[in-house]
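What follows is one structure encoded as structure tokens, with my remarks underneath.
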Number of protein chains: 2
Amino acid sequence: MERFKDVLKASNLKSTHQRLAILDCIDSFGHIDIDAIYEHIVPKYPSMSKATLYRNINDLISFHILEEVKLPNQKQQYEIKKVPHIHLLCTHCSKVEDVFVETKPLLEAVTLNSGFTISNSFIVMNGTCKECKA
Amino acid sequence: MERFKDVLKASNLKSTHQRLAILDCIDSFGHIDIDAIYEHIVPKYPSMSKATLYRNINDLISFHILEEVKLPNQKQQYEIKKVPHIHLLCTHCSKVEDVFVETKPLLEAVTLNSGFTISNSFIVMNGTCKECKA
DNA sequence: TCTTAAATAGGATTTATTCCTATTTAAGTT
DNA sequence: AACTTAAATAGGAATAAATCCTATTTAAGA
Ligand SMILES: [Mn+2]
Ligand SMILES: [Mn+2]
Ligand SMILES: [Zn+2]
Ligand SMILES: [Zn+2]
């Protein structure tokens with residue numbers, strides 16, 4: 001995927017097959033944990049080492065290309081970094097949804113209440129998705 | 001602590017020294033990870049087994065006596081379950097603060113936007129606390 | 001004090017993550 | 001197209017985290 005080659009180059013990271021496979025995989029799943037990434041990639045790259053996977057996940061996070069997604073009662077997942085958004089976890093089908101809503105009023109209320117200067121927010125909600133209700 | 005004996009009894013759990021020590025420790029720290037709990041308890045109860053600690057943490061969570069607190073770039077922490085609130089993590093001093101602000105408008109916006117029925121929300125913000133700014 | 005189901009200790013096992021280093025490779029240079 | 005080299009990988013070892021197993025202990029009700 002050409003897009004990720006550019007992303008990697010912008011951070012002076014080499015476009016290895018392994019890295020591109022990891023990024024492609026995470027991109028196509030949206031949100032995915034490390035074992036699922038491995039299971040998905042290993043049939044295509046049987047030599048893929050878990051050490052390489054872990055190392056790359058950590059490196060890509062520190063270059064802000066990936067982001068960790070911590071969900072209640074779930075293994076840590078990863079996603080391609082995008083604009084800030086909220087995560088919805090359906091407790092029935094385990095699907096993870098992105099929602100883009102305005103959080104500024106909440107952040108301002110928190111700032112006012114606490115004197116804390118907020119740099120990032122991580123918002124997860126769980127419940128039942130539209131499809132599981134039907 | 002008498003309070004926790006009652007809490008345990010309400011869930012038909014025996015008030016063992018180990019459980020009370022775990023609950024006391026978590027309560028006094030507010031938010032704490034599993035290794036810190038162990039380090040804090042083992043001088044008083046040298047026979048305390050890590051298996052007992054892990055088992056109790058998991059049991060107490062499933063009885064809704066404890067709650068996990070997942071913070072960005074931090075080991076998972078635990079707290080005594082209380083009324084819903086927001087967590088602030090200071091990236092300078094690593095302190096974790098509770099804030100109680102109204103989240104209903106945000107939840108309603110998310111519901112409207114997604115068709116998702118929300119049962120719980122987990123909100124974490126990081127930045128700089130009042131003390132670290134001074 | 002007696003009884004018993006629940007809980008613990010602590011070592012074994014399993015799972016998760018990181019470390020190490022010889023070999024390979026991406027990508028820039030000639 | 002071959003050359004160069006720093007970066008990256010493979011894969012096994014080491015370390016860390018979490019769970020399992022079961023003989024022994026204990027909380028708590030009778
Ligand atoms: Mn997302
Ligand atoms: Mn809290
Ligand atoms: Zn669903
Ligand atoms: Zn601070």
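A note on names: the letters A, B, ... follow the listed sequences, proteins ahead of strands, and every chain is numbered from 1.
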Inset, instruction - Kindly determine whether A:Y45 and A:Q18 satisfy side-chain contact (heavy atoms from CB on, under 4.5 Å), including the steps that lead there. - result: CA-CA 8 Å; A:Y45 294 93; A:Q18 294 85 345; 5.7 Å; no
Return the polar atom pairs (N/O with N/O) between nucleotides 14-21 of chain D and the protein under 3.5 Å, or none.
unit_1: D:dA18; atom_1: OP2; unit_2: B:Y54; atom_2: OH; d: 2.5
unit_1: D:dT19; atom_1: OP2; unit_2: B:N58; atom_2: ND2; d: 3.2

Taking only nitrogen or oxygen atoms into account, show me every contact under 3.5 Å that the protein makes with nucleotides 24-26 of chain C, one pair per line with its distance.
unit_1: C:dA26; atom_1: N3; unit_2: A:K14; atom_2: NZ; d: 3.1

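Residues meeting the salt bridge (charged side-chain N to carboxylate O under 4.0 Å, His left out) test with B:K104, sequence neighbours left out: none. In this view, B:K14 satisfies the side chain to side chain donor-acceptor pair (under 3.5 Å) rule with no residue, not counting sequence neighbours. Qualifying ring pair (Phe, Tyr, Trp, His ring centres under 6.0 Å) partners for A:H92, counting only residues two or more places apart in sequence or in other chains: none.
Checked by atom type, the side-chain pair B:Q74/B:H31 shows no donor-acceptor distance below 3.5 Å.
Nearest approach of A:S11 to A:I65, heavy atoms of both residues: OG-CD1, 3.9 Å.
Protein atom CG of B:D6 is 11 Å distant from nucleotide atom P of D:dA28, rounded to whole Å. Atom NZ of A:K5 and atom P of D:dA8 are 16 Å apart (whole Å). Atom P of nucleotide C:dA6 and atom CG of B:N12 are separated by 10 Å, given to the nearest angstrom. Atom-to-atom, OH of A:Y38 to C1' of C:dT15 comes out at 14 Å; the value is rounded to the nearest Å. A:I22 has its CD1 atom 11 Å from the C1' atom of D:dA8, to the nearest Å. When rounded to the nearest whole Å, the span between CG of A:D33 and C1' of C:dT17 equals 14 Å. Here D:dG11 presents its P atom at 15 Å from CG of A:N56, a figure rounded to the nearest Å. In this structure, B:M48 atom CE and C:dT8 atom P are separated by 8 Å, rounded to whole Å.
Side-chain contact between A:L8 and A:F63 is absent, with no heavy atoms from C-beta onward closer than 4.5 Å.
Here B:V99 is tied into one hydrophobic group with A:I86, A:L88, A:V99, A:V101, A:L106, A:L107, A:V110, A:F116, A:I118, A:I123, A:M125, B:I86, B:L88, B:V101, B:L106, B:L107, B:V110, B:F116, B:I118, B:I123, B:M125, each link being a pair of ILVMFWY side chains closer than 4.5 Å.
Contact check on B:R3 versus B:D24 returns no salt bridge, with no Lys/Arg side-chain nitrogen under 4.0 Å from an Asp/Glu carboxylate oxygen.
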